[in-house]
Q: 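Handing you a structure now.
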Amino acid sequence: MKRAHRHLAEQIRKALTDLGIAEPRIILEKPRDPEHGDIATNAAMVYCKQLKLAPRKLAEQLTKRLALNPELVQLAGVAGPGFINFRFADAYLQTLVKQILESDEHFGEGKDLAGKKVLIEFVSANPSGPLNVVSARAAAVGDCLVRMFRTLGATCHSEFYVNDAGNQVKLLGDSVRARYETLLGNEIEIPEGGYHGEYIVEFAEQLVDEEGDKYSKLSAEDASNTLGLMAVERHVGMQRNSLERFRVHMDGWFRESQLRESRAEYAALEELKQKGTLYEKDGATFLRTSEFGDTQDWVVITSEGRPTYFLPDIAYHLSKFKRGYDIIIDILGPDHHSYLTKMAAAMRALGRDTEHLEIILLQHITLSRSGEPVKMSKRAGQMIEMNELLDEVGCDAARYFFLLRRTTTQLDFDIELAKKQSDDNPVFYVQYAHARIQSIFRKAEIELKPEKADFSLLNHPEELILLRRLREFEEVISDCVVNRDPHAMTVWLREVAAQFHRFYHHCRVITEPEELSLARLALCRATQTGLKRGLSLCGVNAPEEM
RNA sequence: GAGCCUGUAGCUCAGCUGGAUAGAGCAACGGCCUUCUAAGCCGUAGGUCAUGGGUUCGAAUCCCAUCGGGCUCGCCA
């Protein structure tokens, strides 16, 4: 669907070469003002100095040398400081309908990243409780990126890292045991830094109901260990369920405990030692991260001889490198920004090429109701669970809202707006366009026969604008993947929906003559395919009725 | 003190790998339903792109400084 662009680039390159420019770099862009055309090149401004010509003069000379295929693009003139503008041929745009109908559910698929292996790690919440809304944005963004990478042909693996080892599991076990014993009449305090959530109480109640005082008979340490591991499994299960409900499937659940069983963290430590990047100070072992781009060194083994969390994390990332991915992406919260330089430094210390390691710092969300902020505090246990959000606004609205902003900006999620079934709710606006198209098909008593349709009848300005939008779909996917940010898809969806509504208003679909109806029905189907595919990349349903 | 993100219309934000007269959605105001879903469409109004410098043919976009907002700087995870 880039035939016109390829053709233009080729012609401009040839013209520049003829004028004596060796290996010119051609930039084609979309003019901001559609009046100027569909495609523009700044080639004349870039190369005018080299050829000692005024930019407009060079532009004139270039246009004379272009042998354009009128079925694809037409010259729209030289304008401004020296832009050369082009316009798509109507015939070219009209053939897109046929292409989209033929691609159908594969519309947008490409091969740009064929053969590439990509790993995206996201959410990776601690198994200390159910998922809360803080993880939901990462789930939505991460999953969309996975879908988009795959659409461009990459092999993409989604992964959740489970911190099911170390100190916090002990704290979790102690917290469960405290609740459990208290229920049995033997009051025990929840330890400092322990977990106070209601879900711990529920778990303890369940244990008492089903297994009585079984765990009281164990030593305190054994009971804590056992209960801690049981709680971890329970929470991982809850988290998996929440994610599946959110239409997020993780291909892998990487367990820290397994890393530790194979003593991978010590293997990594040994490797660091061999590279001469470790040193002892005050009884602790430090990694010289400052020599590899960080502002300071970090402890990997405490003076008590325990690994810090950093060491297994290094081992985990080393495993990512060893698994042979071309692109490794971590999606983390903004509070982990120090992690970026820290982990990259550690990988460099191990001689790894960190060009392949990318960390997306996804900014926080705030919740509000009709503009009033909703207070959330992890400490005070006022954290809203992901399931509660899904209960209240549903999966479609939740996923779409989390994609509405760039990953680098904070996002305010208005719960009341997400629930509203009206035009100020962006997800309904787009879904409505899709449903509206379906209702046309319900009404039309003509069978869609694209092979017989005469697409040259689609020459109303609103039809041609709609076609221009649909043509952009592949570019939008590509932009999202390149920028590692799916939000542009929501912008495109809104624009396609808006243009469809405009078309709908100006052009009657079910009409006379029948040839025109057929062509317009085909355009409707193509639009519907675009909306459906775009929504699907966002993980949002495209309803046929609303 | 050091670092990361951010500042564009009344509100929420696009545009940021430099291009032409800075856009959209809400909210406001005025129109459009005997016709395929009015959950829609059309129009009006709304701007010191935080501020000051720099880079160049050209800066909301890149660089520097200043100011405002959010976050982080542990031998916790």
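Chain naming here is simple, since letters A, B, ... match the order of the sequence lines and numbering starts at 1 in each.
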Q: When the P atoms of B:C57 and B:G18 are considered, how many whole Å apart are they?
A: 15 Å
Q: With a non-hydrogen cut-off below 4.0 angstrom, is A:Ala435 in contact with a base, only sugar-phosphate, or nothing?
A: base
Q: Between the base of B:C75 and the side chain of A:Ser303, is one N or O donor paired with an acceptor at under 3.5 angstrom?
A: yes
Q: Looking only at atom P, what distance separates B:A60 and B:U44, rounded to whole Å?
A: 26 Å
Q: With respect to the side chain of A:Val491, which nucleotide from B:C75, B:G40, B:A14 is positioned closest?
A: B:A14
Q: Identify which nucleotide among B:A20, B:C36, B:A39 has an atom closest to any side-chain atom of A:Met546, counting heavy atoms from C-beta outward.
A: B:A39
Q: Side chain of A:Asn126, heavy atoms from C-beta onward: which of B:C75, B:A77, B:G19 has the nearest atom to it?
A: B:A77
Q: Can you list the stems that include RNA chain B, where a stem is three or more consecutive Watson-Crick or G-U pairs with distances under 3.5 Å?
A: B:1-7 with B:67-73, B:10-13 with B:23-26, B:28-32 with B:40-44, B:50-54 with B:62-66
Q: Classify A:Gln296 by what it touches in the nucleic acid, base, sugar-phosphate, or nothing, heavy-atom distance under 4.0 Å.
A: sugar-phosphate
Q: In whole Å, I'd like the distance from the NE2 atom of A:His336 to the C1' atom of B:C4.
A: 14 Å
Q: Any ion pair linking A:Glu462 and A:Arg508 (charged N to carboxylate O, less than 4.0 Å)?
A: no
Q: Taking NZ from A:Lys30 and C1' from B:A20, how many angstroms apart are they, rounded to a whole number?
A: 15 Å
Q: Less than 4.0 Å between a side-chain N and a carboxylate O, is that true for A:Lys2 and A:Glu474?
A: no
Q: How far does CD1 of A:Ile12 sit from OH of A:Tyr47, to the nearest 0.5 angstrom?
A: 11.0 Å
Q: Side-chain contact test, heavy atoms from C-beta onward, threshold under 4.5 Å: evaluate it for A:Leu417 versus A:Phe401 and give yes or no.
A: yes
Q: Ring of A:His36 versus six-membered ring of B:A20: centres under 5.5 Å and planes under 30°?
A: yes
Q: Step by step, would you call A:Asp313 with A:Lys342 a salt bridge (Lys or Arg N to Asp or Glu O under 4.0 Å)?
A: CA-CA 11 Å; A:Asp313 273 3; A:Lys342 201 168 157 177; over 6 Å; no
Q: Would you kindly compare A:Glu256 and A:Ala497 by the position of their nearest RNA chain B nucleotide and give the one closer to the 5′ end?
A: A:Ala497
Q: Between A:Leu367 (CG) and B:G70 (P), how many Å, whole number?
A: 18 Å
Q: Give a yes or no on whether the backbone of A:Ser257 and the side-chain of A:Asp164 come within a donor-acceptor separation of less than 3.5 Å.
A: yes
Q: If you only use heavy atoms from C-beta on, which nucleotide in B:G25, B:C57, B:A77 is closest to the side chain of A:Arg494?
A: B:G25
Q: Could you verify whether a donor N or O on one side chain and an acceptor N or O on the other, from A:Tyr309 and A:Asn163, lie under 3.5 Å apart?
A: no
Q: For A:Asp330 and A:His336, does a side-chain donor sit closer than 3.5 Å to a side-chain acceptor?
A: no
Q: Expressed in whole Å, how much space separates the P atoms belonging to B:G25 and B:C71?
A: 32 Å
Q: Of all the choices, B:U37, B:A22, B:C4, which nucleotide is nearest to the side chain of A:Arg32 once you look at every atom?
A: B:A22
Q: Consider the side chain of A:Ala40, meaning its heavy atoms from C-beta on, and name the nucleotide among B:A38, B:A20, B:U72 that approaches it most closely.
A: B:A20
Q: Verify the contact: side-chain N or O of A:Arg306 to OP1 or OP2 of B:A77, cut-off strictly under 4.0 Å; return yes or no.
A: yes
Q: Aromatic rings A:Phe503 and A:Phe500: how do their planes relate, parallel, tilted or perpendicular, breaks at 30° and 60°?
A: tilted
Q: For B:G15, take OP1 and OP2 only and decide whether either is under 4.0 Å from a side-chain N or O of A:His487.
A: yes
Q: Which pairs, with at least one residue in residues 513-526 of chain A and sequence neighbours excluded, count as a side-chain hydrogen bond (donor to acceptor under 3.5 Å, both in side chains)?
A: A:Glu463-A:Arg520, A:Arg525-A:Gln528
Q: On a plain distance test, is the side chain of A:Tyr309 in donor-acceptor contact with the base of B:A77 below 3.5 Å?
A: yes
Q: Take the protein atom CG of A:Leu362 and the nucleotide atom P of B:C4, then report the distance between them rounded to whole Å.
A: 19 Å
Q: Which residue, A:His506 or A:Ser338, contacts RNA chain B at a nucleotide closer to its 5' end, judged by nearest heavy atom?
A: A:His506
Q: Measuring only the C1' atom in each nucleotide, how far is B:U72 from B:C11? A whole number of Å is fine.
A: 29 Å
Q: Answer yes or no: side-chain N or O of A:Asn85 and base N or O of B:A20 forming a donor-acceptor pair under 3.5 Å.
A: yes
Q: If you compare every side-chain N and O of A:Thr409 against the phosphate oxygens of B:A14 (OP1, OP2), does one of them come in below 4.0 Å?
A: yes
Q: Does the side chain of A:Tyr504 get closer than 4.0 angstrom to OP1 or OP2 of B:C42 through an N or O atom?
A: no
Q: Roughly how far apart, to the nearest Å, are B:G23 and B:G53 at atom C1'?
A: 28 Å
Q: To the side chain of A:Arg406, which of B:C16, B:G40, B:C36 is closest?
A: B:C16
Q: Does the side-chain ring of A:Phe83 lie flat on the base of B:A20, meaning centres under 5.5 Å and planes less than 30 degrees apart?
A: yes
Q: Distance check, C1' atoms only: B:C16 and B:G7, in whole angstrom units.
A: 13 Å
Q: Roughly how many Å apart are B:U66 and B:G1, using the P atom of each and rounding to a whole number?
A: 10 Å
Q: What integer distance in Å separates A:Arg469:CZ from B:A24:P?
A: 11 Å
Q: Between B:C33 atom C1' and A:His505 atom NE2, what is the distance in whole Å?
A: 10 Å
Q: Would you please confirm or rule out a distance under 4.0 Å between OP1 or OP2 of B:U37 and any side-chain N or O of A:Ser439?
A: yes
Q: Can you find a side chain N or O atom of A:Arg405 that sits less than 4.0 Å from OP1 or OP2 on B:C13?
A: yes
Q: Among the candidates B:C41, B:C75, B:A20, find the nucleotide nearest to the side-chain atoms of A:Arg502.
A: B:C41
Q: Taking syn as any angle within 90 degrees of 0 and anti as the rest, which one fits B:C36?
A: anti
Q: Determine, for A:Glu472 against A:Lys30, whether the closest basic-nitrogen to carboxylate-oxygen distance falls under 4.0 angstrom.
A: yes
Q: Using the side-chain heavy atoms of A:Tyr432, tell me which of these nucleotides is nearest: B:A38, B:C41, B:C36.
A: B:A38
Q: Rounded to whole Å, how long is the line connecting atom CD of A:Gln499 with atom C1' of B:C41?
A: 12 Å
Q: With the side chain of A:Thr302 defined as its heavy atoms from C-beta on, choose the nearest nucleotide among B:C36, B:C76, B:C4.
A: B:C76
Q: Just how far, in rounded Å, is P of B:C5 from OH of A:Tyr339?
A: 19 Å
